[in-house]
Amino acid sequence: PRAPPSALDDKSTYPPSNSSASPDPEQPSQSWRMQAGGGDAVQITRTGGFFAQQAFDGKFLSCVDRPPGGISSGRTLLRIPVEGGAPVTVLEGVHLWSLTRKGIYFVTSDGGADTVNLYRMEAGKATTIGSLPFPISPIAGGLPVSEDGRWLITPPSHANEQSGNA
């Protein structure tokens with residue numbers, strides 16, 4: 001595929017593939033990289049890649065291995081060199097996540113409380129930030145976190161979402 005021209009000529013963009021869930025389970029959707037100023041797209045992932053975010057150093061791409069399937073179905077967060085290479089598992093059991101300069105904020109669920117955690121790459125470990133007073137909506141599209149890490153925004157779940165009637 002070719003990227004459309006853009007004013008951001010020296011930046012890369014990671015457009016979503018044709019859908020968040022491939023109609024063919026043997027061919028999962030992938031993450032692609034292209035110059036925002038136009039040019040050919042380069043496939044980064046080979047085994048599935050959803051909700052891609054580029055690291056601030058521009059050297060790595062983080063993504064989850066499959067599309068969301070509800071809060072109870074945690075996904076694997078992967079880190080892949082943008083110039084090519086094998087994916088490395090960073091975290092498992094992730095529902096929502098956000099890459100920040102402090103690290104990766106992510107939500108886990110034990111079936112009752114949803115917990116916000118912070119994974120710091122340099123330390124290679126996660127710490128719990130706190131538990132939410134409500135379950136997060138299983139159809140939430142992301143986990144927006146402020147640049148300073150002081151705030152996050154997420155919608156609470158409603159009874160009809162939990163029962164699959166969303």
Side-chain angles (χ1 to χ4, degrees), residues 8 10-17 20-22 25 27-36 41-157:
L8 305 173
D10 62 344
K11 304 282 185 183
S12 291
T13 184
Y14 294 89
S17 46
S20 63
S22 173
Q27 298 294 321
S29 294
Q30 304 297 335
S31 290
W32 297 74
R33 174 183 173 204
M34 67 177 75
Q35 295 300 310
V42 176
Q43 186 175 343
I44 303 295
T45 61
R46 301 284 176 206
T47 59
F50 302 87
F51 306 113
Q53 294 182 33
Q54 182 174 300
F56 290 94
D57 65 7
K59 296 179 182 178
F60 293 93
L61 179 73
S62 293
C63 62
V64 288
D65 64 336
R66 62 184 191 278
I71 190 92
S72 62
S73 67
R75 297 168 286 164
T76 301
L77 182 66
L78 305 169
R79 186 174 190 219
I80 305 158
V82 296
E83 298 302 327
V88 173
T89 297
V90 177
L91 296 165
E92 294 193 29
V94 173
H95 173 58
L96 299 173
W97 65 284
S98 184
L99 183 63
T100 71
R101 292 190 186 278
K102 287 187 172 190
I104 300 169
Y105 285 88
F106 65 100
V107 175
T108 56
S109 179
D110 64 7
D114 290 340
T115 304
V116 178
N117 308 277
L118 175 60
Y119 179 84
R120 295 183 188 269
M121 290 290 212
E122 67 279 357
K125 67 178 189 172
T127 55
T128 298
I129 302 300
S131 292
L132 297 171
F134 54 83
I136 294 176
S137 171
I139 59 173
L143 185 70
V145 177
S146 64
E147 190 169 324
D148 63 6
R150 294 182 56 208
W151 299 97
L152 68 88
I153 300 170
T154 187
S157 180

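Heads up: numbering here begins at 1 and tracks the sequence. What you see below is based on every heavy atom in this structure, not just the backbone, and it leaves out hydrogens, waters and symmetry mates. As the structure is a computational prediction, the values presented were derived from the model and not from experiment.
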Output the distance between atom CD1 (Ile104) and atom CG (Leu118), rounded to the nearest 0.5 Å. 9.0 Å

With rounding to the nearest 0.5 Å, note down the distance linking CG in Asp65 to CD in Glu92. 8.5 Å

Backbone N/O of Ile136 and side chain of Asp114: donor-acceptor pair under 3.5 Å: yes

Taking all atoms of both residues into account, what is the closest heavy-atom pair of Gly58 and Val82, and its distance? O-CG2, 3.3 Å

Let me confirm one number: the CG-CD1 distance from Leu61 to Ile44, rounded to the nearest 0.5 Å. 6.5 Å

Distance, nearest 0.5 Å, that separates OG1 of Thr76 from CG of Leu91: 9.0 Å

State, to 0.1 Å, how close Gly85 and Ile80 come at their nearest heavy-atom pair, and which atoms those are. O-CG2, 3.8 Å

To check you understand the geometry: which heavy-atom pair defines the closest contact between Leu96 and Arg75, and what is its length? N-NH2, 4.3 Å

Measuring from Ser62:OG to Tyr119:OH, what's the distance to the nearest 0.5 Å? 10.0 Å

Quick check for you: to the nearest 0.5 Å, what is the distance between Thr89 atom OG1 and Leu77 atom CG? 9.0 Å

Can you confirm whether Leu143 sits close enough to Trp97 that some side-chain heavy atom of one is under 4.5 Å from a side-chain heavy atom of the other? no

Do you know the tightest heavy-atom contact between Ala55 and Leu99? CA-CD2, 3.7 Å

